[in-house]
Amino acid sequence: MEPLTALWLGTPVWIWLAFIGIVIALLVLDLGVLHRKQREIGVRESLVMSGFYITLGLCFGAWVWWYMGATAGMNYITGFVIEKSLAMDNVFVIAMIFAYFGIPRLYQHRVLFWGVLGVIVLRAIMIGFGAAAVQEWDWVLYLFAGFLILTGIKMWRSADEQYDVGASPILRWVRRRFRVTDTLHGQRFWVRQPDPATGRVAWFMTPLFLALIMIEFVDVVFAVDSVPAIFAITTDPFIVYTSNIFAILGLRALYFALAAMVDRFHYLKYALSLLLVFIGSKIFVADALGLAKIPPPVSLGITFAILAGGVAWSLWKTRGQGIPARVEGA
């Protein structure tokens with residue numbers, strides 16, 4: 001039992017293994033049971049599944065609170081709420097990516113499922129490097145904080161701009177170096193067909209795989225904001241990673257509910273920008289007040305207030321707008 005009780009990144013190994021087991025079980029349940037057959041996911045099912053994942057994430061936070069203490073539990077909840085909120089902005093960009101490539105709803109869950117697998121690995125790498133950097137150099141936290149403030153200001157100024165999928169440098173790079181089909185081939189990521197230039201049969205990437213690449217690329221971009229944001233809340237790698245992953249696991253379910261209501265949450269971007277500025281400024285404010293850190297209850301309360309204000313303002317400003325039954329390509 002000694003290897004299981006040994007600490008890894010400050011947390012017993014058995015807790016890490018239990019968390020990984022939960023994640024694997026959820027992914028198997030999702031792909032192997034609930035969505036074993038390819039089908040469209042409606043808004044109703046999306047809301048139910050999103051509620052399930054949110055409840056599960058909060059239950060895990062309650063366990064963290066009970067087992068690791070109130071401070072750890074509150075930091076987890078704060079990180080979970082922040083990541084879930086930033087993921088909503090990610091959802092809007094994903095809708096644009098699917099629309100750009102003309103991906104029908106029937107195949108979107110497959111892309112999002114494999115996208116989440118990539119996110120789990122990428123976030124682990126980024127959080128691991130972040131935790132090592134913070135442990136080695138204290139000033140990295142101030143660098144994160146300053147970056148969040150600048151990012152929040154930039155997000156506020158560009159809130160009305162639309163993400164241009166076609167102008168992405170990663171998309172242009174992939175198109176130059178790989179054969180890509182002009183049309184979809186069902187739910188396949190790669191197909192073999194004759195190369196028009198040589199006449200020989202070769203592997204071609206489909207637009208479905210291009211959409212997956214773009215979603216992974218966009219997540220890396222968003223992680224540059226969200227990972228430092230949670231490190232500004234806590235430097236515990238376990239809290240940072242678990243709150244990230246539980247928030248992201250429900251991203252697929254959340255997408256199908258929000259994709260049809262993108263316009264109703266336009267002003268939420270302003271709230272998210274304020275939230276990033278608040279999180280980044282906490283470290284400097286704490287130093288100015290002679291505090292080790294802003295108390296977790298204060299951080300959690302202000303976070304909820306900013307996000308609730310953003311959602312309420314968005315819904316009020318867009319009142320009277322109908323919700324379409326289906327968004328083309330989303």
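Hydrogens, waters and symmetry mates play no part in the numbers below; they use all other heavy atoms, side chains included.
No donor-acceptor pair under 3.5 Å is formed between the side chain of E83 and the backbone N or O of I248. Judged by distance alone, the side chain of S281 and the main-chain N or O of F278 form a donor-acceptor pair under 3.5 Å. Using a distance-only test at 3.5 Å, with no hydrogens or angles considered, no donor-acceptor pair links the side chain of T303 to the main chain of T78. Looking at D219, its side chain never comes within 3.5 Å of a backbone N or O of I215 through a donor-acceptor pair. Distance alone, capped at 3.5 Å, places no donor-acceptor pair between the Y270 side chain and the M155 backbone.
Both cation-pi conditions hold for R110 and F189: the charged atom is under 6.0 angstrom from the six-membered ring centre and inside a 45 degree cone around its axis.
Ring centroid separation for the pair F60 and Y76 comes in under the 6.0 Å cut-off. Aromatic ring centres of F246 and F19 lie closer together than 6.0 Å.
The line from CD1 of I77 to CD1 of I233 is 12.5 Å long, rounded to the nearest 0.5 Å. Interatomic distance, W16 CH2 to Y241 OH, rounded to the nearest 0.5 Å: 7.5 Å. Note that CG of L171 and CZ of R176 are 10.0 Å apart. Values are rounded to the nearest 0.5 Å.
Within 6.0 Å of CH2 in W66 there are 12 or fewer heavy atoms belonging to other residues, nucleotides or ligands. Within a 6.0 Å sphere centred on CZ of R177, heavy atoms belonging to other residues, nucleotides or ligands number more than 12. Within a 6.0 Å sphere centred on CZ of R192, other residues, nucleotides and ligands contribute more than 12 heavy atoms. A 6.0 Å sphere centred on CZ of F129 holds no more than 12 heavy atoms belonging to other residues, nucleotides or ligands.
In this pair, W190 and F178 present their aromatic rings perpendicular. The plane angle is above 60°, beyond the 30 to 60° band.
Looking only at side-chain heavy atoms (C-beta outward), D236 and V240 stay at 4.5 Å or farther from each other.
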